[in-house]
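Remarks on the structure that follows.
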2 protein chains.
Amino acid sequence: MAATPRGAGGRPRSAQRAAAPLMERRADARRNIASILDAAVLLLSCDADASVADIAKAAGVGRVTLYGHFSTRADLVDAVLTRTVEQADATLDATDTAGDPRQALTRLVGASWQIVHQFRSVLQAAQRELPAERIRAVHDRILRRVQTIIDRGRQAGVFRDDLPEEWLVTVVFSLMHAAAEDSAAGALDTDDAARIIAATLLAALTAPGATVPTVNP
Amino acid sequence: MAATPRGAGGRPRSAQRAAAPLMERRADARRNIASILDAAVLLLSCDADASVADIAKAAGVGRVTLYGHFSTRADLVDAVLTRTVEQADATLDATDTAGDPRQALTRLVGASWQIVHQFRSVLQAAQRELPAERIRAVHDRILRRVQTIIDRGRQAGVFRDDLPEEWLVTVVFSLMHAAAEDSAAGALDTDDAARIIAATLLAALTAPGATVPTVNP
DNA sequence: ACTAACTTGAACATGCCTGTTCGGGTTAAA
DNA sequence: TTTAACCCGAACAGGCATGTTCAAGTTAGT
């Protein structure tokens with residue numbers, strides 16, 4: 001279902017699509033998809049259960065058209081999530097994760113913070129409407145990134161080895177999201193958040209008996 | 001509205017209630033309220049958006065009766081939240097929070113863990129259906145408990161002083177909830193969770209330059 | 001026995017959201 | 001100009017949840 005978008009009239013189209021010149025025939029479609037996704041991100045960022053009708057209206061597009069591209073609400077949310085995560089992943093690709101694991105983590109937090117903070121509510125919507133396993137799968141690459149750094153830190157002896165690695169990863173994500181909530185509620189200075197998160201995480205990841213490092217901006 | 005429960009027939013009753021013997025006239029009502037609350041906790045613990053109808057059925061009570069006591073769904077959720085928090089508060093009252101702040105925190109985490117773990121989903125439901133300010137108000141006493149310990153720790157020089165206190169409190173709650181989620185998802189050993197949370201928190205609350213303490217069971 | 005307090009299932013009114021269908025546009029390639 | 005591919009608003013169908021109302025019990029005090 002998700003893979004067979006159809007026009008409002010209900011004509012089939014995937015088969016004929018093979019011809020080369022047709023690929024450019026209607027670039028509008030892709031433009032529409034883009035605006036829908038944009039609008040969806042925008043609305044879902046404010047209200048995790050904005051209706052499909054609202055999203056269509058905000059996208060300046062008919063509800064029917066929307067359903068033409070995303071045959072179900074879950075499809076739409078999934079697409080939004082995927083795009084968001086992909087963007088995030090691209091941003092994170094530009095972040096240097098080599099060198100001292102502590103500094104690498106600090107840099108990663110700095111880069112991630114903006115994203116998490118911005119798309120907090122989208123993630124929330126996805127979490128509520130998509131199967132948990134799907135969320136996991138989409139997050140996999142980002143998750144692995146954190147895991148790698150933690151791993152390196154453990155082997156280098158600068159991160160603690162006495163707790164399950166999975167848990168440490170959870171701690172990283174959990175604090176980011178908590179900060180995002182607090183920031184949205186006005187209880188935490190948004191501009192200072194990255195520093196605060198990093199400082200907390202570095203301490204949390206330090207092994208008992210070791211000395212907590214200071215953060216460098 | 002919330003303060004004027006009425007029978008299904010719609011007869012007024014609050015005024016006549018003043019007479020002494022009438023207080024015991026119908027203890028069923030209170031028994032019913034109790035079963036409703038019990039059932040609500042039970043269902044909401046599994047599914048944060050169980051319907052009122054489901055809850056009534058699980059309580060072995062007519063839907064109308066339920067609406068007689070809680071005139072709206074929000075009312076019910078609020079009552080459930082209040083009762084849960086009150087129970088939690090009572091449990092926490094029995095916990096010794098004197099002495100070394102680090103040990104006090106460890107004990108508090110141990111006592112809280114069971115509660116958070118058990119009522120995770122209830123909290124989630126409340127968070128979604130009640131105004132944020134109300135949640136704050138209800139949580140106030142528990143929150144203050146944590147805050148007090150952190151405060152004492154800071155003054156004693158064993159907890160960090162370089163981050164906002166509000167944030168440190170957030171960290172405590174955030175890690176508890178994250179652990180509850182992980183535990184529910186099977187990614188974290190429930191019996192070991194309290195220790196892991198405490199170990200993480202102690203490290204996170206340690207000041208840069210200081211040495212991370214080891215946990216004692 | 002009488003009655004007030006309380007309970008009940010059935011049924012109704014509303015409202016909101018999802019997903020579909022219809023009939024009629026628009027645009028650009030052929 | 002024809003036509004395929006796409007777009008639109010309006011309107012319908014169905015579901016599910018919240019509250020309300022009704023007419024008929026039940027139970028415990030008096």
Side-chain angles (χ1 to χ4, degrees), chain A residues 1-2 4-36 40 43 47-57 59-77 125 128-129, chain B residues 1-2 4-33 35-36 40 43-44 47-57 59-77 125 128-129:
Chain A
M1 269 215 200
T4 26
R6 355 169 108 251
R11 288 174 251 62
R13 87 159 200 284
S14 35
Q16 296 83 333
R17 261 270 172 150
L22 293 186
M23 274 192 51
E24 299 287 352
R25 207 41 123 49
R26 283 269 140 164
D28 311 1
R30 247 172 286 176
R31 274 224 321 270
N32 265 341
I33 293 186
S35 358
I36 291 172
L43 286 225
D47 176 11
D49 39 34
S51 77
V52 173
D54 289 341
I55 293 173
K57 201 194 308 175
V61 121
R63 211 158 59 94
V64 179
T65 306
L66 194 157
Y67 275 110
H69 293 296
F70 307 96
S71 60
T72 178
R73 182 200 168 83
D75 265 21
L76 174 58
V77 173
R128 217 156 62 200
E129 311 192 32
Chain B
M1 269 212 199
T4 28
R6 357 168 107 252
R11 285 175 253 61
R13 88 159 202 284
S14 35
Q16 295 83 334
R17 261 272 173 150
L22 294 187
M23 273 193 51
E24 300 288 350
R25 228 352 153 62
R26 282 273 138 160
D28 310 3
R30 248 173 284 175
R31 274 225 321 271
N32 265 341
I33 291 187
S35 1
I36 291 172
L43 286 225
L44 290 178
D47 176 12
D49 39 35
S51 77
V52 173
D54 290 341
I55 294 172
K57 201 193 308 174
V61 119
R63 210 158 60 92
V64 180
T65 306
L66 194 158
Y67 275 110
H69 294 296
F70 307 96
S71 61
T72 178
R73 181 197 168 81
D75 265 21
L76 175 58
V77 173
R128 219 159 59 202
E129 311 192 32

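Small disclaimer: the values here were computed from a predicted structure and weren't measured. Labels below follow one simple rule: chain letters A, B, ... track the order of the sequence lines, proteins then strands, and each chain is numbered from 1.
Contact of the B:Ile33 side chain with the B:Phe70 side chain is registered, since non-hydrogen atoms from C-beta on lie closer than 4.5 Å.
Distance A:Asn32 CG to C:dT26 P: 16 Å, rounded to the nearest Å. In this structure, A:Glu129 atom CD and C:dT18 atom C1' are separated by 12 Å, rounded to whole Å. Spacing between atom CG of A:Leu66 and atom C1' of D:dC8 amounts to 13 Å, rounded to whole angstrom units. If you measure from atom CD1 of A:Ile55 to atom P of C:dG19, you get 12 Å, rounded to the nearest angstrom. To the nearest angstrom, P of C:dG19 lies 9 Å from CG of A:Asp75. In this structure, A:Ile33 places its CD1 atom 16 Å from P of D:dA5, rounding to the nearest Å. Protein atom NZ of A:Lys57 is 20 Å distant from nucleotide atom P of D:dC7, rounded to whole Å.
Among all heavy-atom pairs drawn from B:Asn32 and B:Val61, the shortest one is OD1-CG2, 3.4 Å. Of all heavy-atom pairs between B:Ala59 and B:Ser35, the closest is CB-O, 3.7 Å.
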Contact list (N/O, under 3.5 angstrom) for nucleotides 15-18 of chain D vs protein:
from	atom 1	to	atom 2	distance (Å)
D:dT18	OP1	B:Val52	N	3.3
D:dT18	OP1	B:Arg73	NH1	3.0
D:dT18	OP2	B:Val52	N	3.4

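Side-chain nitrogen and oxygen atoms of B:His69 include none within less than 4.0 Å of the OP1 or OP2 phosphate oxygen of C:dC6.
Not counting sequence neighbours, A:Arg63 has no partner by the salt bridge (charged side-chain N to carboxylate O under 4.0 Å, His left out) test. Considering only residues two or more places apart in sequence or on other chains, A:Ser51 meets the side-chain hydrogen bond (donor to acceptor under 3.5 Å, both in side chains) condition with A:Asp54. With sequence neighbours excluded, the residues forming a salt bridge (charged side-chain N to carboxylate O under 4.0 Å, His left out) with A:Asp49 are A:Arg128, listed by chain and number.
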